[in-house]
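The structure presented is a predicted model; accordingly, all values stated were derived computationally and were not measured.
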Amino acid sequence: MKHFAIVGAIVCLAGFGGIVVAQEAGTPGDGVPGSHAGSGYRLVAGAGLGFFSMDAFNTFYIDHFAEPTRLFDSHIDKGVDLSLALEKEMSNKIDVGLGLRFLRSSQDAVDPDDQFPSYLVVAHSLSMNAIAPFVRVSWKATTNPILFRLGVEATVCHSWFDIIASQRGVGEKAKTRLLAKGIGFAVSGGPSIPMSRRFSLGLEFGYRYLDTRALEGFDGEWELEGESITADFTGPYAQAVLEINL
């Protein structure tokens with residue numbers, strides 16, 4: 001539930017801020033859909049919810065280890081999806097842009113008193129994270145006053161898995177971090193409505209394929225039951241989007 005609360009707050013703030021600034025900048029709808037004021041550059045900020053596959057992690061870590069030892073009891077299958085991109089209008093039909101995406105899913109451990117009593121480590125929390133630079137090409141179509149976009153995105157990512165734990169009976173907590181890199185792509189689309197010549201609000205719905213190599217720590221690749229554990233962020237996502245024509 002905390003993912004929905006975080007995303008909801010971000011979306012509400014972005015939407016409220018966009019409407020207020022748009023009202024100050026000009027009358028809503030006074031711009032031409034699909035056109036950019038000024039330089040032809042556009043800043044696009046998105047906040048939403050992503051759904052993640054994490055098949056190997058959920059099967060071999062959560063199902064086969066963390067749940068039986070009562071450390072964690074939920075899959076990593078959804079989380080925050082934030083993005084920021086700078087796009088250039090190449091024509092009245094095509095935009096090209098560069099951006100950065102941040103993905104995160106986390107959960108708190110089961111209460112330490114309920115964890116497997118013979119296990120020497122007490123878990124506190126875990127998180128799966130990724131920073132993913134991307135290149136995107138978007139095609140545009142207009143049905144006044146709504147602008148529709150369809151985009152194709154290629155990305156690389158740097159991912160990290162953190163788990164915070166302590167020795168049973170010892171108060172000091174320690175963080176273990178595993179790292180991995182990967183590549184992927186995404187297809188997305190959605191409508192936007194101009195609030196003025198400079199500001200627009202929209203929605204974006206997409207599906208991404210984004211998986212990494214095996215997560216690695218100080219003692220090499222992470223394997224469980226002979227299976228490499230990766231950070232697999234493959235899945236659908238949805239964002240609320242604020243667009244600013246520069």
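- Formation of a donor-acceptor pair under 3.5 Å by the S105 side chain with backbone atoms of K78 is found in this model.
- Put simply, L224 and L126 are part of the same group of oily side chains (I, L, V, M, F, W, Y) that touch within less than 4.5 Å, one to the next.
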Mind running side-chain contact (heavy atoms from CB on, under 4.5 Å) on V187 and L150 for me, showing each step along the way?
CA-CA 8 Å; V187 177; L150 177 64; 4.2 Å; yes

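- Considering only residues two or more places apart in sequence or on other chains, R177 meets the salt bridge (Lys or Arg N to Asp or Glu O under 4.0 Å) condition with D162.
- In the hydrophobic clustering of ILVMFWY residues, with side-chain heavy atoms under 4.5 Å counting as a link, V44 and L98 come out apart.
- The existence of a salt bridge linking E89 and R42 is excluded, since no basic side-chain nitrogen approaches an acidic carboxylate oxygen closer than 4.0 Å.
- In this structure, E221 and E216 have side chains that are in contact, with non-hydrogen atoms separated by less than 4.5 Å.
- At a threshold of 4.5 Å between non-hydrogen side-chain atoms, the residues R149 and E243 count as touching.
- Interatomic distance, CG of N144 versus CD1 of I193, reported as 11.0 Å (0.5 Å rounding).
- If you check the side chains of D232 and T230, you find no donor sitting under 3.5 Å from an acceptor.
- Q107 contributes a side-chain N or O that, together with a main-chain N or O of S74, makes up a donor-acceptor pair within less than 3.5 Å.
- Side-chain contact check for L178 versus I229: every heavy-atom pair is 4.5 Å or farther apart.
- L100 is not listed as a side-chain neighbour of L84, based on a closest heavy-atom distance of 4.5 Å or more.
- For the atom pair OG (S159) and CZ (F233), the distance works out to 4.0 Å, reported to the nearest 0.5 Å.
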Which is it for K181 and H158 under the side-chain contact (heavy atoms from CB on, under 4.5 Å) test, yes or no, and what are the steps along the way?
CA-CA 5 Å; K181 290 181 172 60; H158 172 74; 3.9 Å; yes

Show, in sequence, the C-alpha distance, side-chain angles and deciding distance for T142 and N92, and conclude whether the side-chain contact (heavy atoms from CB on, under 4.5 Å) test is met.
CA-CA 10 Å; T142 302; N92 62 353; over 6 Å; no

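- Classified by interplanar angle (parallel below 30°, tilted 30° to 60°, perpendicular above 60°), the ring pair Y61/F65 is tilted.
- M54 has its side chain out of reach of H75: every pair of non-hydrogen atoms, C-beta onward, lies at least 4.5 Å apart.
- Inter-residue side-chain proximity for M128 and L215 is flagged as met; some heavy-atom pair is nearer than 4.5 Å.
- Note on F72: it clusters hydrophobically with I76, by side-chain heavy-atom contacts below 4.5 Å among ILVMFWY residues.
- I94 is listed as a side-chain neighbour of W139, based on a closest heavy-atom distance under 4.5 Å.
- Applying the 6.0 Å contact sphere to CD1 of I183 captures no more than 12 heavy atoms from other residues, nucleotides or ligands.
- Side-chain atoms of R198 and N245 form no donor-acceptor pair, as typed in the model, at a separation below 3.5 Å.
- The aromatic rings of F161 and W222 lie parallel to each other, with less than 30° between the two planes, well short of the 60° mark.
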Please step through side-chain contact (heavy atoms from CB on, under 4.5 Å) for the pair V152 and F185, ending with a clear verdict.
CA-CA 7 Å; V152 177; F185 63 88; 5.9 Å; no

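- Follow the hydrophobic side-chain contacts under 4.5 Å out from F102 and you reach L179 in the same cluster.
- Residues L71 and F57 fall within the same hydrophobic cluster, defined by Ile, Leu, Val, Met, Phe, Trp and Tyr side chains chained together at heavy-atom separations under 4.5 Å.
- The main-chain N or O of G184 is never found under 3.5 Å from a side-chain atom of D211 such that the two would form a donor-acceptor pair.
- Contact of the L210 side chain with the L103 side chain is registered, since non-hydrogen atoms from C-beta on lie closer than 4.5 Å.
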Extract all donor-acceptor atom pairs below 3.5 Å that involve side chains of residues 199-208 and protein atoms in other chains or at least two apart in sequence.
from	atom 1	to	atom 2	distance (Å)
E204	OE2	Y237	OH	3.2
R208	NH2	D81	OD2	2.2

